[in-house]
Structure formats: structure tokens, C-alpha cells
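Take a look at the structure below.
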There are 2 protein chains.
Amino acid sequence: MSTDPLSLTFAALADPTRRAILARLSQGESSVKELAEPFAMSLPAVSKHLKVLERAGLITRGKEAQWRPCRLDPGPLQDVSQWLEHYSRFWDQSLGRLDEMLRAIKARPPDKSGV
Amino acid sequence: MSTDPLSLTFAALADPTRRAILARLSQGESSVKELAEPFAMSLPAVSKHLKVLERAGLITRGKEAQWRPCRLDPGPLQDVSQWLEHYSRFWDQSLGRLDEMLRAIKARPPDKSGV
DNA sequence: CAGTTAATTAACTGATCGGTTTACTAATCG
DNA sequence: CGATTAGTAAACCGATCAGTTAATTAACTG
């Protein structure tokens, strides 16, 4: 697997269980056991999912007695959003015309940023 | 791997080569051979990447003599954008304060303080 | 027709993924 | 102290991934 930040983020998001965990955490902090409850899988499995999310920077974990409260970190999601903006002209009505113009002007230098 | 549309899309995006291919296609249609040129990998490898992108609906392919021109389909990217919107309140400046308030209210029920 | 070009298919490989069970650490409770 | 609770680590498994090389299909070219 690729280890650049964007790839780690997309890979972490490419699993419904992990997206459900993020949705849960968007409501507020939660312990591992609480997060695991809705799923028909073992606790270690959830623990692994959390590790994937953590490696992508999508969650951070605290320490509180014997609990490891997880909370959402939106940073990587914002990075995804920025990456997406690069393509928004393809579906954004108001920018469609501008895009046509820009593309017609081929004098643009090759843009490799944000690949 | 999960086979729901969003998972297929995120998985397809979790690879720098495939993102580079999309970036290239955002400039216009291209043949497989042209797409493969910038990469230090075999043509079949690129062909496989294209199949992943196609399965996610991110590209469509035509037929023109012995070429299979690929072009970008922004649909799945728009779906990702919508999914992201659900989280945009976490980094959107203007909504940040409101979110803080909502979270402060909602984070009450599972009360572990003083346990 | 034979030869070239474009692309895919097939078979194989090593690495990673998503899950399991078992065993372990660490903190709290009685 | 021992027992319980929360979570992680280790070892294992089958499936998938990302790449390879070799063979094949399909269309154009001379």
C-alpha cells in the first residue's frame, strides 16, 4: 500500500466499518468498546480498524483510566476536500463555462500539484 | 474489499498512480498507452489500474480503431464531495462555533465523568 | 497477405487486508 | 490481594492487491 498521506486517508475511508466509526465519532468522543458495539465483529478487529484510522490521522486517542477515548480529527478530511476541489469544476454548474475557457487556453503549464 | 460504491471509489483513489491518471484525464481524453507513459511500470499494470478506476465509475472508455480512449467521469467524485460535506462543519470556520455548541450539548448522555 | 500497434488476458508472485482466537498488559473494584 | 474490565499484541488464515512476463485478440498498414 502507498504510504503518502492522501493514499493513507483514502485507504482508511475505503471501508464501511471505518466510515461508520467516523460517523459515530462525529457525534463526540467514544471508547473502543462503545465503538465496537454496533458491529458483528470482535474487539481486536475494531481495534485494528482504529489503528488504520489513527495512522491516517483521522482520529486521535487519549488515555483515561483503562479507556482510550477516540475522537475525530478532521485534518485529513479537509485535505481530501482540497484535493477534490481540483475536480469540482467537472460538476459545478457555475464553474463549467469558466472551465471551458480555461481549457481552451492551452498556455497553462502542466500542473502536477496535488496528484 | 467492500463493494459498495463509496468504498470502491475511495479504494480506487487510494493509489497515487490512479490519482495521477485521473489528473491526466482531467486535461482531456487519452489512450492507454499515453496514460502509461509517465509511469515506470508495464502496460498491463496500467491496464489493471484503469479497470479499477472503471469499476469505481471514475472513468469510461470508448472504442476507436485499436485505441480505447479513457475519459474522466466525475460522478463518484461528486458523491465523495457530498459525503465529505457531512464533516465539513469540523473545519469550516463560519460553522465552527455552532458545531462546538452542538457537540457540547450532544456529548452529554454517555457521561463518564466521576466514574 | 505478413507485420506492426494497442490493449487485454492469463498465470504467477510476494505483500497486504480483514477477520479470527488466544494470550497478554494495565487499570479499577471489592 | 484476586477478580473484572478495557484494550492491545501475536499468530494465523483466506482473499485481494499490485506488479511481473508471456500469450492473445483486434485493428490498422504496406
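No experiment lies behind these values; they were computed from the predicted model shown. So that the names make sense, note that chain A is the first sequence line, chain B the second, and so on, each numbered from 1.
For residues 11-40 of chain A, there are no ring pair (Phe, Tyr, Trp, His ring centres under 6.0 Å) pairs, not counting sequence neighbours.
Per the geometry, CG belonging to A:L53 stands 15 Å off P belonging to D:dG7, to the nearest Å. As a whole-Å value, the separation of A:I59 CD1 from D:dG7 C1' is 13 Å. One atom, CD of B:E64, and another, P of C:dA6, lie 13 Å apart when rounded to the nearest Å.
Minimum heavy-atom separation, B:H86 to B:R89: O-NE, 4.0 Å. Minimum interatomic distance between A:P16 and B:D4 (heavy atoms only, all atoms of both residues): CG-OD1, 3.5 Å. Here the closest non-hydrogen pair linking A:L77 and B:W83 is CD2-CZ3, 3.9 Å. Annotation for B:V32 and B:C70: closest pair CG2-SG, 4.5 Å, computed over non-hydrogen atoms. Between B:V46 and B:A36, the shortest heavy-atom contact is CG2-CB, 3.6 Å.
Formation of a donor-acceptor pair under 3.5 Å by the A:S26 side chain with backbone atoms of A:A23 is found in this model.
Looking at heavy atoms from C-beta onward, A:S81 lies out of side-chain contact with B:Y87 at the 4.5 angstrom threshold. Taking the side chain as every heavy atom from C-beta outward, A:P5 and A:D79 never approach each other to under 4.5 Å. Side-chain contact check for B:F10 versus A:T9: every heavy-atom pair is 4.5 Å or farther apart.
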Report all interatomic pairs (protein N or O, nucleotide N or O of nucleotides 1-3 of chain C) with separations under 3.5 Å.
none

For nucleotides 14-16 of chain C, give me every protein contact, N/O to N/O, under 3.5 Å, one pair per line with atom names.
none

Checklist line | Nucleotide-resolved protein contact map, nucleotides 25-30 of chain D, B/S/- at heavy-atom distance under 4.0 Å | finding: --SS--

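When heavy atoms are screened at a 4.0 angstrom cut-off, B:S31 is found touching the sugar-phosphate backbone but no base atom.
Pairing for D:dG30 is with C:dC1, a Watson-Crick or G-U wobble pair whose two hydrogen-bonding atom distances lie under 3.5 Å.
Across residues 35-51 of chain B, B:L43, B:P44, B:S47, B:K48, B:K51 each have a non-hydrogen atom less than 4.0 Å from an atom of DNA chain C (numbered order).
Residue B:S30 forms a side chain to side chain donor-acceptor pair (under 3.5 Å) with just one option from B:K33, B:E34, B:Q27, and that option is B:E34.
Look at A:R61 and you'll find a side-chain N or O under 4.0 angstrom from OP1 or OP2 of D:dT8.
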Listing, residues 51-68 of chain B side-chain donor-acceptor contacts under 3.5 Å, not counting sequence neighbours, or none:
| from | atom 1 | to | atom 2 | distance (Å) |
| --- | --- | --- | --- | --- |
| B:E54 | OE1 | B:R61 | NH1 | 2.9 |

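Closest contact between the side chain of A:D15 and the listed nucleotides D:dG7, C:dG18, C:dA6 involves C:dG18.
In the model, B:R19 has a side-chain atom that pairs as donor or acceptor with a side-chain atom of A:S7 under 3.5 Å.
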